[in-house]
Structures are given as C-alpha cells and as structure tokens.
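Some notes on the structure that comes next.
Any value given below was found using the heavy atoms of this structure, including those in side chains, with hydrogens, waters and symmetry copies removed. The first residue in the sequence is number 1, and the count goes up from there.
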Amino acid sequence: MISDPAPPGAVPPSEGSPGTLGWQGIRDVMMDRIRARHYAPGALIPNEADLAAEFGCARATVNRALRELADAGFLDRRRKAGTRVIAEPRRKATLEIPLIRAAIEALGAAYSFRLLTREIAPPPPEVRMALRLEDDGPLLHVVTLHLADAVPHMVEDRWVVLATVPAIEAADLTRDNPNEWLVRNAPYSEGTMRCGAALAGAMASHLGCTAREAVLVVERATWLDGAPITLARQHYAPAYGLTLAL
C-alpha cells in the first residue's frame, strides 16, 4: 500500500529518537529544513517550547541550536516577535588573528624575526583615534621585522595599551615576538581590520624596496570588553598577496 504524499510545506519528522539529539543535531535538522524550504524565507518557525517537545529535549538545547543558526546568518531572532528565517541568508566570515610564524612556515619557509624598536612613548593622533583613546598617555611601541628564509616578509608597527595589558611590559619580546605574545596572553572580544595598498615609505629600508613602491598594509585593532588592547600596522613585502578562507 502506497501512503499519501505529505502536503506542501509539511515539515519532515526529526531524525533520531526523542532525546537522542544534542544541540548540534537539532541545528543540522533545522538547517536541512531551511534549505529544503520547509520553513519558507521570511516565515516564522515553531517556538522553542514546541521544538523542545518535538525533539524530546530541554528548551535550552533548542535555544543553543537556534542561536548558532542566527549567528551564522540564517535566522532572525527577536524578543516577543519570534524567530524567522532570513529571506536572504548572509554568511558571516569569522577571522582569527594568525600567528605570523605559522603563516610563514605554511609557505614552506623558515621563520625568524628581529625586534627593531621597543619604547614607551605617547601615541600619535591617528593611533589614539584608531584605538578610541581618551588621552595621550604613553603606550608600548614595538616595531618587528618578520623574515621568511632570512628574506624580509613583513614589518609590523604595533602600539599596545599598557593599562589593558600591563604584563607585556615585562615580557621578553626578543624571544616571543609581540604577535605571538599577544595572541597567547591577551584575549579580545572585538576588533577591526582594514587592508589596502600604500607606499612603502619609511618601511622600505626594512622590506628591501624603494620608498615609492606600493605594498600591502593590513591594519588591525582589538579591544576586550571596550578596553583597547593594540593597534598593529603590518607592511608586507612587494608582490605579497593576502588569502582569506570564507
């Protein structure tokens, strides 16, 4: 006997027996439903209580699954208005601050570095503005040359806010370069990144090029719960190209 087909828009049964799916499994089932248009773009999905009853789990488990889908750009969650499928899903790119050593070694080259400058100094106005600093109190200023197979790869000009990261003042930055030390010791909650071309200028002598030659500059600033951590400007050697994974 052949059963009647499900009516249009019907939601397929959840996979697995009640209580066997964790939040990752519920997330995957809900994602399958969104892709199959069982939940149409712009439509409300069932509330957490109903989904928890369907999947045989706690509401907190459903909440975690839906939160992940919202963070990924597939759901729009609003208090008292419910949760809707976003009409035009937007994938969000998540970038991690890389270890420069690891990036160079991934190219098959041997990594080394030289600490060119280390000083406590008042930041210039553009640094204060980028880090949203309210005063011109002294910061730690370090300039580091990173090399690949002993050839200049990038010069990093970095300012660190000692009020937020006081331990770096006693760190041996000739052993652990500032990039590595901060990645390992200074967690951040938000940041900005800007990439563009600029003349090598004062960095030319370190990069082995002329001052009028164009190089890639990556500027990155980070904060921890609103407290500024660091601003780094990375000047790459000519012909270097930045590759990002989406």
Partner residues of R233 under the salt bridge (charged side-chain N to carboxylate O under 4.0 Å, His left out) criterion, sequence neighbours left out: E219
Atom pair CG (L182) and CG (N177), whose distance is rounded to the nearest 0.5 Å: 9.0 Å
Salt bridge (charged side-chain N to carboxylate O under 4.0 Å, His left out) against R114, all qualifying residues, sequence neighbours excluded: none
Spatial distance of atom CG (D28) from atom CH2 (W23) [nearest 0.5 Å]: 8.5 Å
For A109 against A148, the heavy-atom pair lying closest together: CB-CB, 3.8 Å
Partner set under salt bridge (charged side-chain N to carboxylate O under 4.0 Å, His left out) for R212, not counting sequence neighbours: none
Closest non-hydrogen atom pair, P152 against L145: CB-CD1, 4.2 Å
Whether T83 side chain and I45 backbone form a donor-acceptor pair below 3.5 Å: no
Derivation and outcome, side-chain hydrogen bond (donor to acceptor under 3.5 Å, both in side chains), residues T144 and R158: CA-CA 8 Å; T144 310; R158 182 184 291 273; over 6 Å; no
Atom of T61, atom of C57 and distance for their closest heavy-atom approach: CB-SG, 4.0 Å
Distance, nearest 0.5 Å, that separates OG of S112 from CD1 of I104: 7.5 Å
Intermediate values then yes/no, side chain to side chain contact (heavy atoms under 4.5 Å, CB included), T192 and W223: CA-CA 9 Å; T192 62; W223 292 261; 4.0 Å; yes
Intermediate values then yes/no, side chain to side chain contact (heavy atoms under 4.5 Å, CB included), M203 and D157: CA-CA 9 Å; M203 300 297 174; D157 188 349; 3.8 Å; yes
Contact list for residues 165-175, test side chain to side chain donor-acceptor pair (under 3.5 Å), sequence neighbours left out: D172-T174
same_hphob_cluster(I34, L44) at 4.5 Å side-chain heavy-atom cutoff: no
Co-members of the apolar cluster containing L231 [side chain, <4.5 Å]: V127, L131, L133, L139, W159, V161
Interatomic distance, I26 atom CD1 to M31 atom CE [nearest 0.5 angstrom]: 15.5 Å
Derivation and outcome, side chain to side chain contact (heavy atoms under 4.5 Å, CB included), residues M30 and R27: CA-CA 5 Å; M30 297 297 288; R27 175 201 60 198; 5.9 Å; no
Heavy-atom check, side chain of L99 versus side chain of R184, under 4.5 Å: yes
Exercise: identify the closest heavy-atom pair between V85 and A40: CB-O, 3.6 Å
Straight-line distance of L140 CG to T230 OG1, nearest 0.5 Å: 8.5 Å
Hydrophobic cluster identity match, L216 and M154, side-chain contacts under 4.5 Å: yes
Side-chain heavy-atom pair Q234, R220 within 4.5 angstrom cut-off: yes
Working for side chain to side chain contact (heavy atoms under 4.5 Å, CB included), residues F74 and I86: CA-CA 5 Å; F74 293 103; I86 291 179; 6.0 Å; no
Closest non-hydrogen atom pair, Y236 against V218: CE1-CG2, 3.9 Å
Flag for Y111-R101: side-chain donor and acceptor within less than 3.5 Å: no
Same apolar cluster: I120 and I229, side chain cutoff 4.5 Å: yes
Gap between atom CG of L224 and atom OG1 of T164 - 0.5 Å precision: 7.5 Å
Partner set under salt bridge (charged side-chain N to carboxylate O under 4.0 Å, His left out) for E126, not counting sequence neighbours: none
Side chain proximity check, L207 to E213, heavy atoms < 4.5 angstrom: no
Heavy-atom pair of closest approach, residues F113 and D176: CZ-C, 4.2 Å
Any donor-acceptor pair under 3.5 Å from N185 side chain to W181 backbone: yes
V142 backbone acceptor or donor facing R118 side chain under 3.5 Å: no
Check: V62 and E54 side chains under 4.5 Å, non-hydrogen atoms: no
Side-chain donor or acceptor of N47 paired with backbone N/O of A49 under 3.5 Å: yes
Hphob cluster co-occupancy, V160 + L115, side-chain heavy atoms under 4.5 angstrom: yes
Common cluster, M193/V215, ILVMFWY with side-chain heavy-atom separation under 4.5 Å: no
Under 3.5 Å: donor-acceptor pair, side chain of N179, backbone of P98: yes
